[in-house]
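Step one of this worksheet: look at the structure below.
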Number of protein chains: 2
Amino acid sequence: MKAEKTQMDAAKQGVVTPEMAAVAASEYLSPEFIRDGVAAGTIVIPANVNHTSLKPMGIGRALRTKINSNIGNSQTSSCPKNEFEKLDVSLKYGADTIMDLSTRGDLALFRKELIKLSPIPVGTVPVYEIAARAGAGKFDRDTILEVVEDQAKQGVDYMTIHAGLLAKHIPAALKRKLGIVSRGGALIAAWIGDHKMENPFYEAFDDILKICRDYEVTLSLGDGLRPGCIADASDEAQFGELDVIGELVQRCRAANVQAMVEGPGHVPFNQIEMNMKREQKVCGDAPFYILGPVVTDCAPGYDHMVAAMGGLAGAYWGAAMLCYVTPKEHLGLPDTEDVRRGVVAFKIAAHAADVALGRPHAQERDDAISDARADFDWERQFSFALDPDRAREYRRAALQESHCAEDAASGKYCTMCGPDFCSVRLSNKLKEMNK
Amino acid sequence: MKAEKTQMDAAKQGVVTPEMAAVAASEYLSPEFIRDGVAAGTIVIPANVNHTSLKPMGIGRALRTKINSNIGNSQTSSCPKNEFEKLDVSLKYGADTIMDLSTRGDLALFRKELIKLSPIPVGTVPVYEIAARAGAGKFDRDTILEVVEDQAKQGVDYMTIHAGLLAKHIPAALKRKLGIVSRGGALIAAWIGDHKMENPFYEAFDDILKICRDYEVTLSLGDGLRPGCIADASDEAQFGELDVIGELVQRCRAANVQAMVEGPGHVPFNQIEMNMKREQKVCGDAPFYILGPVVTDCAPGYDHMVAAMGGLAGAYWGAAMLCYVTPKEHLGLPDTEDVRRGVVAFKIAAHAADVALGRPHAQERDDAISDARADFDWERQFSFALDPDRAREYRRAALQESHCAEDAASGKYCTMCGPDFCSVRLSNKLKEMNK
């Protein structure tokens with residue numbers, strides 16, 4: 001099935017689609033506001049016409065901050081069953097979109113099943129399948145369009161296309177400490193080096209747009225030259241590519257294809273605001289979808305946390321969606337527990353940003369937990385937690401280790417301070433006295 | 001032994017003490033800069049004359065961001081051996097100071113041993129021992145001065161004294177969602193409620209200052225009314241107490257007693273900068289020692305991460321020291337592994353702030369890791385990591401699970417992307433070609 005008209009066609013004609021109405025309801029905003037954002041390109045609703053199990057959601061700076069979880073089979077680790085478990089965990093802990101980064105196995109079959117199972121938008125990076133199908137250095141315009149169309153037909157909601165990385169940017173990128181760290185970016189740069197030709201995704205961009213229009217695929221304009229360490233952040237290669245991406249955003253909008261922009265990566269804390277503002281300016285405020293950013297390179301094993309710190313700041317200063325990072329980043333592929341930890345870390349960042357930005361009803365959840373704390377209602381508190389199971393697990397462990405476990409289990413203080421030093425207990429008593 | 005003159009006496013007389021010289025060397029700053037900061041009160045060097053095993057360190061907005069780890073026996077959990085293990089772990093992962101929050105057991109004996117074993121400044125909250133010695137509601141001016149002097153004689157480097165919380169602030173605090181959540185603050189507010197008298201720490205402040213002068217104890221002016229949830233942040237009670245603390249800072253400086261100021265707590269991200277600037281203004285830029293702050297209340301079980309996010313922002317906007325929070329915060333007392341996770345989370349926050357603020361040599365560590373990454377030198381990379389053991393553990397696990405483990409063990413790619421999709425490998429190859 002093909003789209004008769006895209007979300008952007010409709011929005012520009014003043015029509016509120018069912019998808020826009022659904023997004024408006026979930027964001028506590030008016031349908032007209034969503035429609036106008038889609039028309040302007042500052043809000044995207046990735047919703048392939050063939051992804052029939054999808055519950056529509058919107059991405060944009062004016063909306064609740066979204067997070068993405070990555071799964072997929074790779075050359076070093078692959079078991080579709082495990083990957084579907086990761087989907088379940090991602091959904092359970094609140095991922096808003098899921099990307100299939102598979103590079104191995106029956107890519108089409110896995111993706112078909114994933115799209116069927118996923119109520120959230122599914123994203124892909126077609127260059128992985130392109131390279132897998134044709135061989136890393138051997139793909140051409142035809143392979144590109146073939147794979148993009150195959151995936152679009154299947155129901156992929158958004159695709160990362162690295163069309164902004166041009167031959168002229170590569171020398172600056174190679175001067176860096178860590179060169180090119182985007183997998184897609186490195187594959188394309190190697191292709192350009194081998195063929196002495198311009199980036200084939202850039203050359204085929206109009207044809208890619210046509211396919212995206214046909215199936216309502218949102219383009220996620222990939223940052224193939226994102227910095228791989230803080231020393232490489234905000235450099236000539238990164239911003240050179242961003243300028244081209246800004247032009248591509250305009251071409252997407254002219255074709256009524258929705259577009260978001262991918263961003264770094266590794267950025268020190270003091271450069272995050274500038275990076276967000278620059279994208280807004282250069283790319284006409286297209287939704288910015290950032291990876292972290294990691295704010296220090298010193299903590300392998302903790303990069304979910306390091307990247308969530310940068311993610312909170314990024315979202316506060318305007319990023320619309322955060323791509324999660326797991327504790328295994330830079331070291332290996334995440335297992336299911338790592339996926340959980342990555343998703344929760346980024347839900348924390350996204351929610352903290354939403355509270356700071358005063359998004360409608362965001363702080364109500366914090367307030368509900370705080371009320372439950374004052375009441376010593378542990379189960380009510382945990383029911384509002386971003387990871388209720390973890391909170392219950394820690395409370396149980398603390399009770400078991402406590403000297404006064406039976407007393408504590410009665411609930412009127414926590415095992416941190418004990419009964420005589422429980423500030424909430426003292427404070428509640430004082431409140432009673434002052435009534 | 002008593003101090004002949006305090007650090008501040010010396011600084012004001014233009015003298016560079018050995019402690020100032022040591023701090024200058026470790027901060028890559030001039031001894032005169034440190035001396036002038038100590039004279040002005042914007043830098044403190046907590047160094048009790050009786051803490052002979054101490055390696056002096058400085059705390060101030062112009063210096064490297066410091067972090068504090070808490071240990072101590074409590075009513076619900078106490079085993080001195082475990083607590084000394086937590087000291088070891090805190091030292092191993094880079095805590096800059098350690099606070100003994102014990103409320104149970106032989107407090108004096110434990111503290112004596114801790115001071116002997118600790119090369120970093122030891123802090124305490126005397127009201128815990130005061131309440132334990134006299135009974136929670138029963139202490140008076142004499143008990144206060146007795147305990148403060150006993151601890152000062154033993155060699156405690158800094159003490160949290162909640163002298164800013166006055167009777168007039170309590171009604172506003174009790175109107176909050178979570179009332180008073182500081183243990184010390186709640187004990188004192190309850191005392192004020194029982195006795196219908198002013199805060200005895202405020203009343204005895206000049207005598208406390210005299211003891212601090214005698215032994216060179218730095219005062220850490222406690223925020224007994226810090227908010228316990230983001231809904232309570234930046235309210236009348238919090239800022240009313242801060243105003244009194246600002247006056248107390250001036251009294252400390254007039255007495256040549258070093259002082260820092262403790263801060264929140266729970267603060268949404270958008271209020272952190274304002275909170276840091278307000279303290280600087282109200283308290284004459286005395287070093288701000290903050291607890292987190294926690295930026296959302298929704299993540300019990302992850303509060304080390306939530307608080308480290310706020311800590312990074314706080315340090316970036318001017319906090320001098322961050323008190324760590326562990327994953328068990330709000331749920332129970334941390335075990336040794338929780339202490340490790342808390343310390344590492346806050347080292348990440350502190351280091352990321354130092355990099356963002358351009359502290360001398362801070363980024364060199366990031367750069368060394370990035371160079372090792374480009375070289376696929378895993379062991380060199382891990383040697384610079386904030387938690388090398390964790391990084392090694394994850395790499396080992398990833399290799400074991402990998403399909404191409406033997407190949408990967410050769411080191412020329414990581415187990416995330418595998419050999420054919422390794423961006424660093426592709427990028428390095430391209431660099432070679434372009435030479």
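Below, chain A is the first sequence line, B the second, and so on; all start at residue 1.
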*Starting at OH of B/Tyr302, measure out to NE2 of A/His304 and round the result to the nearest 0.5 Å.*
8.0 Å

_Let me confirm one number: the CH2-CG distance from A/Trp191 to B/Leu426, rounded to the nearest 0.5 Å._
15.0 Å

If I measure from the heavy atoms of chain A, does [X] come under 4.5 Å with its side chain, its backbone, both, or neither?
X	result
B/Ala353	neither
B/Phe269	both
B/Ser370	both
B/Gln271	neither
B/Ile170	side chain
B/Tyr128	both
B/Asn70	neither
B/Pro388	neither

*Please report the closest heavy-atom contact between B/Lys431 and A/Leu174, naming both atoms and the distance.*
CE-O, 3.0 Å

_Exercise: identify the closest heavy-atom pair between A/Cys298 and B/Ile369_ =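 Closest approach of A/Cys298 to B/Ile369, heavy atoms only: CA-CD1, 3.7 Å.
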
*Any residue meeting side chain to side chain contact (heavy atoms under 4.5 Å, CB included) with A/Ala308, in chain and number order, not counting sequence neighbours*: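 If we apply the side chain to side chain contact (heavy atoms under 4.5 Å, CB included) test to A/Ala308, skipping adjacent residues, the hits are A/Ala345, A/Phe346, A/Ala349, B/Met309.
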
_Contact check, side chains of B/Arg373 and A/Cys229, non-hydrogen atoms, under 4.5 Å_ = no

*If we only count heavy atoms from C-beta on, is the B/Thr326 to A/Tyr394 side-chain gap below 4.5 Å?*
no

_Keeping A/Asp366 on the side-chain end and B/Thr296 on the backbone end, is there a donor-acceptor pair under 3.5 Å?_
no

*B/Asp389: what forms a salt bridge (Lys or Arg N to Asp or Glu O under 4.0 Å) with it, not counting sequence neighbours?*
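Once residues adjacent in sequence are excluded, the partners of B/Asp389 under the salt bridge (Lys or Arg N to Asp or Glu O under 4.0 Å) criterion are B/Lys92, B/Arg392.
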
_Before you tell me yes or no, could you show the steps for B/Ser423 and A/Val181 under side-chain contact (heavy atoms from CB on, under 4.5 Å), namely the whole-Å CA-CA distance, both residues' side-chain angles and the distance that decides it to 0.1 Å?_
CA-CA 5 Å; B/Ser423 60; A/Val181 298; 4.1 Å; yes

